[in-house]
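The chains referred to below are lettered A, B, ... by the order of the sequence lines, with proteins before strands, and numbering in each begins at 1. Since the structure is predicted, the reported quantities are computational estimates derived from the model, not experimental observations.
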Number of protein chains: 2
Amino acid sequence: MVLASTLEYALLGLLRQQAQSGYDLRKVFATTPMRHFSDSPGSIYPALQRLEKRGWVSSSEEKNDARKRRVFSPTRAGTGALIAWLEGPVSREDVIWRLDETLLRFAFLDANVKRPVTLHFVEQFERELAAYVRELEEHEKAFAPDARRSTGYLAFKSGVESYQARLEWLRRVRKQFLEVVR
Amino acid sequence: MVLASTLEYALLGLLRQQAQSGYDLRKVFATTPMRHFSDSPGSIYPALQRLEKRGWVSSSEEKNDARKRRVFSPTRAGTGALIAWLEGPVSREDVIWRLDETLLRFAFLDANVKRPVTLHFVEQFERELAAYVRELEEHEKAFAPDARRSTGYLAFKSGVESYQARLEWLRRVRKQFLEVVR
DNA sequence: GTGCACATGTAATGTGTTACATGATTAT
DNA sequence: ATAATCATGTAACACATTACATGTGCAC
């Protein structure tokens, strides 16, 4: 049920936090840790147009201080679509092919859903990630001893360790959440 | 000087290791840690066609065991393009927007370039990554204390820790390389 | 008065994804 | 016989990137 691109969901999530213009959103992508999204106008303005055509956001011309800017905010339908995206299951595929998107979903969770939903998300995420890490560790044994100095093997190790770091982070997050509930 | 997609370079690098067919390459993507590349025929066959049209690979029909398969291997020009890609500088942009591609370059290094080139690559990579990690750690201070329990902040932390893990890996790799040279 | 930040767009291009399509060979 | 694997492709579609394009307001 992928109905929109990651960029579109990112924009929706940001607009939920604060109604703002395309230019504002570009600045978010240019100056915050959301850097890995492109801040080029050629990606953001068309994406906002698509969202508006789909009825997920609405816009109004603002004439703030002599300068006119088009400010966007999510519609009911848009908010619903965002929440549906957030609440969807965390699958093995999300972990392997869409890890960044899954982290983005997590980032938007607490502003949009109840705490138990967030906790459930973390549990699913941890389960799938742990399974994948186990699989990678298993795959490691397939490397011949003399291949363990090759850059190919080392690059693989880098990937495994990066996933392990994410997993440790997830375990910490889950424990922290459980403490808060208690 | 980006002349080809990551997928095209991945295919070139694999063909340097071993001349093989599109189907073989699909299996590599489907069964090895190079999973995050799609193994769909709609991506791989057109990419191979582009590479052949560009003169970077050549193909020959093989009739191995009653089954016919088209086996590809890199041309001189293709090998040159691959090595140029591998030897290019590691920039800040590579670290922020193309980390996976940079790791892929690293993975192919020792099969294609001399050891000092690999070491230089690692040094550049470490310098840029360390600078970016410092920047992220700086950015962390911008979060208000009461925002430190938000999923947005936690997602940010996940990213930072993942980069830190990559950096520790890089330091280890560099030291290991220096020991071998000694 | 010149350059920079604000502000919003369009057009061309390349490419990845998904789905569709076909046919041969091997294993059950 | 029939399902799975081998093997190669095409077509429609959406999307991101890059470059181009325009105009305003403010600071120096």
Side-chain angles (χ1 to χ4, degrees), chain A residues 1-12 19-31 34-54 56-57 59-72 93-94 96-98 100-101 104, chain B residues 1-12 19-31 34-54 56-57 59-72 93-94 96-98 100-101 104:
Chain A
M1 197 192 53
V2 176
L3 295 160
S5 66
T6 307
L7 172 61
E8 285 166 359
Y9 284 119
L11 294 172
L12 255 186
Q20 51 193 316
S21 69
Y23 192 79
D24 294 332
L25 293 162
R26 286 182 61 199
K27 276 190 301 183
V28 171
F29 291 155
T31 62
M34 290 182 87
R35 252 190 230 321
H36 57 274
F37 285 100
S38 166
D39 67 334
S40 78
S43 65
I44 286 159
Y45 291 108
L48 288 169
Q49 289 164 13
R50 287 196 302 272
L51 286 170
E52 186 154 36
K53 216 164 79 181
R54 210 179 298 150
W56 286 10
V57 304
S59 70
S60 63
E61 198 100 353
E62 247 187 31
K63 241 186 137 190
N64 226 1
D65 24 32
R67 259 195 176 100
K68 68 172 178 341
R69 5 182 286 129
R70 176 162 296 274
V71 173
F72 294 86
E93 284 70 35
D94 288 326
I96 300 179
W97 288 305
R98 292 181 290 271
D100 284 347
E101 185 178 326
L104 184 70
Chain B
M1 200 191 53
V2 176
L3 294 158
S5 68
T6 306
L7 173 61
E8 286 165 357
Y9 284 120
L11 294 173
L12 254 187
Q20 51 193 317
S21 69
Y23 192 79
D24 294 331
L25 292 162
R26 288 183 59 201
K27 275 191 301 183
V28 171
F29 291 155
T31 62
M34 292 184 84
R35 255 190 227 320
H36 58 273
F37 284 99
S38 165
D39 67 332
S40 78
S43 65
I44 286 159
Y45 291 108
L48 287 169
Q49 288 165 13
R50 288 196 300 273
L51 286 170
E52 186 155 35
K53 216 164 78 182
R54 211 177 298 150
W56 286 11
V57 304
S59 69
S60 62
E61 199 100 352
E62 246 187 32
K63 242 185 135 188
N64 226 1
D65 25 32
R67 255 191 180 103
K68 67 171 181 339
R69 5 181 286 128
R70 176 162 296 275
V71 173
F72 293 85
E93 285 69 35
D94 289 326
I96 300 179
W97 287 308
R98 293 181 291 269
D100 283 348
E101 186 180 324
L104 184 70

Sequence neighbours left out, what passes side chain to side chain contact (heavy atoms under 4.5 Å, CB included) with [X]? Give chain and number order.
X	value
A/Gln49	none
A/Ser38	A/Ser40, A/Ser43
B/Val71	B/Ala19, B/Glu62, B/Arg69
A/Phe37	A/Thr6, A/Leu7, A/Ala10, A/Phe29, A/Met34, A/Leu104

Between [atom2] on [N] and [atom1] on [X], what's the gap in Å once rounded to a whole number?
X	N	atom1	atom2	value
B/Arg69	C/dT26	CZ	P	14 Å
B/Phe37	C/dT17	CZ	P	10 Å
A/Arg54	D/dA14	CZ	P	10 Å
B/Glu93	D/dT17	CD	P	14 Å
A/Tyr9	D/dA16	OH	P	13 Å
B/Glu62	C/dT25	CD	C1'	17 Å
A/Phe72	C/dA7	CZ	P	13 Å
A/Lys68	C/dG9	NZ	P	9 Å

Structure string for DNA chain C in dot-bracket form, Watson-Crick and G-U at under 3.5 Å, | interchain
||||||||||||||||||||||||||||
Considering residues at least two apart in sequence or located in another chain, which fulfil the salt bridge (Lys or Arg N to Asp or Glu O under 4.0 Å) criterion with [X]?
X	result
B/Arg35	A/Glu135
A/Glu93	none
A/Arg50	A/Glu8

Quick one: does [X]'s side chain get under 4.5 Å of [Y]'s, heavy atoms only?
X	Y	value
B/Leu11	B/Val57	no
A/Asp39	A/Lys27	no
A/Trp56	A/Phe72	no

Contact nearer the 5' end of DNA chain D, comparing A/Pro41 with A/Leu7:
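Mapping each residue to its closest nucleotide by heavy atoms, the 5'-most match is A/Leu7.
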Phosphate contact (D/dA16 OP1 or OP2) by A/Ser40 side-chain N/O below 4.0 Å:
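For A/Ser40, the contact criterion (side-chain N or O under 4.0 Å from OP1 or OP2 of D/dA16) is not met.
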Among residues 44-52 of chain B, which contact DNA chain C at a heavy-atom distance under 4.0 Å?
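By residue number: B/Arg50.
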Considering only C/dT8, C/dG16, D/dT8, which nucleotide approaches the side chain of B/Ser5 most closely?
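Closest nucleotide to the B/Ser5 side chain: C/dG16.
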Does any residue of residues 20-29 of chain B have a heavy atom under 4.0 Å from DNA chain D, and if so, which ones, in number order?
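Heavy-atom contacts with DNA chain D come from B/Ser21, B/Gly22, B/Tyr23, B/Arg26.
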Going by atom types only, do A/Ser59 and A/Arg70 share a side-chain donor-acceptor pair under 3.5 Å?
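Yes.
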